[in-house]
Protein chains: 2
Amino acid sequence: MLKLTKKADYGLMALKYLAEHPETPALSAKEIADAYGIPAQLLAKILQRLTKTGLLKSHAGMNGGYALAKDAEKISAFEVILSIDGPFFITSCTKGAHGCDLTPSCTIKEPLARVNDTIAGVLKSISISDLAEDGQTVPKAAAHGLVTLTLS
Amino acid sequence: MLKLTKKADYGLMALKYLAEHPETPALSAKEIADAYGIPAQLLAKILQRLTKTGLLKSHAGMNGGYALAKDAEKISAFEVILSIDGPFFITSCTKGAHGCDLTPSCTIKEPLARVNDTIAGVLKSISISDLAEDGQTVPKAAAHGLVTLTLS
DNA sequence: AAATATCCGACTTCTTCGGTCCTCATTCAG
DNA sequence: CTGAATGAGGACCGAAGAAGTCGGATATTT
Ligand code: SF4
Ligand code: SF4
């Protein structure tokens with residue numbers, strides 16, 4: 001429960017890797033996969049998905065590969081997860097079809113929807129460049145985002 | 001992904017229901033299940049779990065049932081989820097055994113761990129009483145909790 | 001033409017989730 | 001004391017989703 005899909009995980013890693021190598025015009029899926037030990041074919045499909053949603057640019061053929069479509073700071077973790085795993089929802093009822101059949105009698109879906117928004121906000125406040133920063137040398141905790149939880 | 005288990009969902013509903021009926025000394029699992037249409041046997045096991053972790057008090061026999069072990073405001077959504085679904089982690093690597101095998105080469109687990117803490121903080125800031133409040137009549141969004149996301 | 005890539009869907013395998021069933025222990029009413 | 005009501009807890013099953021694989025088609029450079 002509440003676990004990030006490994007595909008989304010891999011996607012974040014790949015994007016971070018791309019963000020760390022801004023010089024190269026394009027990196028192939030295999031290159032990135034080898035760098036981390038991710039199954040190449042799986043990562044390939046993930047990157048294709050990210051390309052289709054506009055987060056990456058792709059170029060086929062030799063010396064082809066993928067590159068960030070926009071600045072690393074402009075890409076949020078939320079977009080990545082959304083692209084790879086589809087709509088982000090904490091509860092089952094939000095999914096239009098095949099949700100939970102007791103939606104009418106449920107009394108906690110509204111509060112939970114706000115919780116959902118809050119968590120989504122947290123994810124939106126995180127960018128790829130945040131992940132790429134060399135955190136070890138900067139132990140001081142700088143406030144990057146502020147999230148306000150408002151219930152009821 | 002990132003979806004709340006239905007069991008945890010049911011658990012929250014049940015706790016809210018109990019919080020809304022503070023008069024009655026005890027409510028049986030079947031009563032609560034019928035009130036919402038939750039499978040009775042399933043809810044029973046959930047309540048048993050919550051009892052074992054100390055969130056509920058139980059009483060067998062006729063006119064028995066469950067009651068909140070502490071004040072509704074003292075029970076956080078985080079505790080509930082933790083009790084029902086086990087340790088809360090958004091990544092696979094955190095789980096000691098059978099985590100992700102590329103943990104050593106992974107460069108995003110530290111940042112993600114902070115994200116994990118942040119989301120956990122959000123959940124901890126939500127109490128059962130927050131859910132039980134009659135939100136419809138009070139549309140003004142009062143800030144209940146403040147969460148600071150610190151990355152890097 | 002050959003090598004290197006992306007692109008894309010079908011498929012298998014594995015785990016987890018949601019749910020049921022059955023049995024035993026406890027408590028209370030009569 | 002006995003039986004109904006209730007909790008406690010394990011075994012089990014089917015459905016769904018996740019992780020990963022395979023095979024083939026297309027595009028681009030050399
Ligand atoms: S309707 Fe209620 S019980 Fe069903 S998924 Fe939504 S929040 Fe959970
Ligand atoms: S080690 Fe990295 S890739 Fe593996 S689960 Fe943890 S964060 Fe994800």
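Note on naming: letters A, B, ... go to the chains in the order of the sequence lines (proteins, then strands), and numbering restarts at 1 for each one. What you see is a predicted model, and the numbers here were worked out from it, not measured in a lab.
With hydrogens and angles disregarded, no donor-acceptor distance shorter than 3.5 Å links the side chain of B:Lys109 to the backbone of B:Cys93.
Side chain of A:Leu42, nearest nucleotide from D:dG9, D:dA27, D:dT21: D:dT21. Side chain of A:Ser28, nearest nucleotide from C:dT6, C:dT20, C:dC7: C:dT6. Residue B:Lys52 has its side chain nearest to D:dG9 when only C:dT20, D:dG9, D:dA19 are considered.
Atom CD in B:Gln41 sits about 13 Å away from atom C1' in D:dA11, given to the nearest Å. Rounded to an integer number of Å, the gap from CZ of A:Arg49 to C1' of D:dG20 is 14 Å. Here the P atom of nucleotide C:dT27 and the OH atom of B:Tyr66 are 14 Å apart, to the nearest Å. When the P atom of C:dT16 is taken as reference, atom CG of B:Leu2 falls 17 Å away, rounded to whole Å. C:dC17 atom C1' lies 11 Å from atom NZ of B:Lys3, rounded to whole Å. Put simply, NE2 on A:His59 is 9 Å from P on D:dT30, counting in whole angstrom units. A straight line from CD1 of B:Ile46 to C1' of C:dC17 spans 11 Å, rounded to a whole angstrom. Residue A:Asn63 contributes atom CG, which lies 11 Å from atom P of C:dT6 at whole-angstrom precision.
Taking side-chain N and O atoms only, B:Ser58 has a distance below 4.0 Å to OP1 or OP2 of D:dA8. Considering only side-chain N and O atoms, B:Tyr10 lies under 4.0 angstrom from the phosphate OP1 or OP2 of C:dG19.
With a 4.5 Å cut-off on side-chain heavy atoms, B:Asn116 and B:Phe88 count as touching.
DNA chain C is contacted by both A:Lys45 and A:Met1; A:Lys45 maps to the nucleotide lying nearer its 5′ end (nearest heavy atom per residue). Residues A:Thr5 and A:Met62 each lie close to DNA chain D; by heavy-atom proximity, the contact nearer the 5' end of the strand is made by A:Thr5.
Between the side chain of A:Lys30 and the base of C:dT6, no donor-acceptor pair of N or O atoms lies under 3.5 Å.
Using a 4.0 Å cut-off between charged side-chain N and carboxylate O, B:Glu20 and B:Lys16 make a salt bridge. Taking 4.0 Å as the cut-off between side-chain N and carboxylate O, B:Glu79 and B:Lys74 do not count as a salt-bridged pair.
Here the rule is side-chain contact (heavy atoms from CB on, under 4.5 Å) with A:Met1, and of B:Leu4, B:Ile81, B:Asp9 only B:Ile81 fits it.
Residue contacts for B:Ala29: at a heavy-atom cut-off of 4.0 Å it reaches the sugar-phosphate backbone alone, with no base atom in range.
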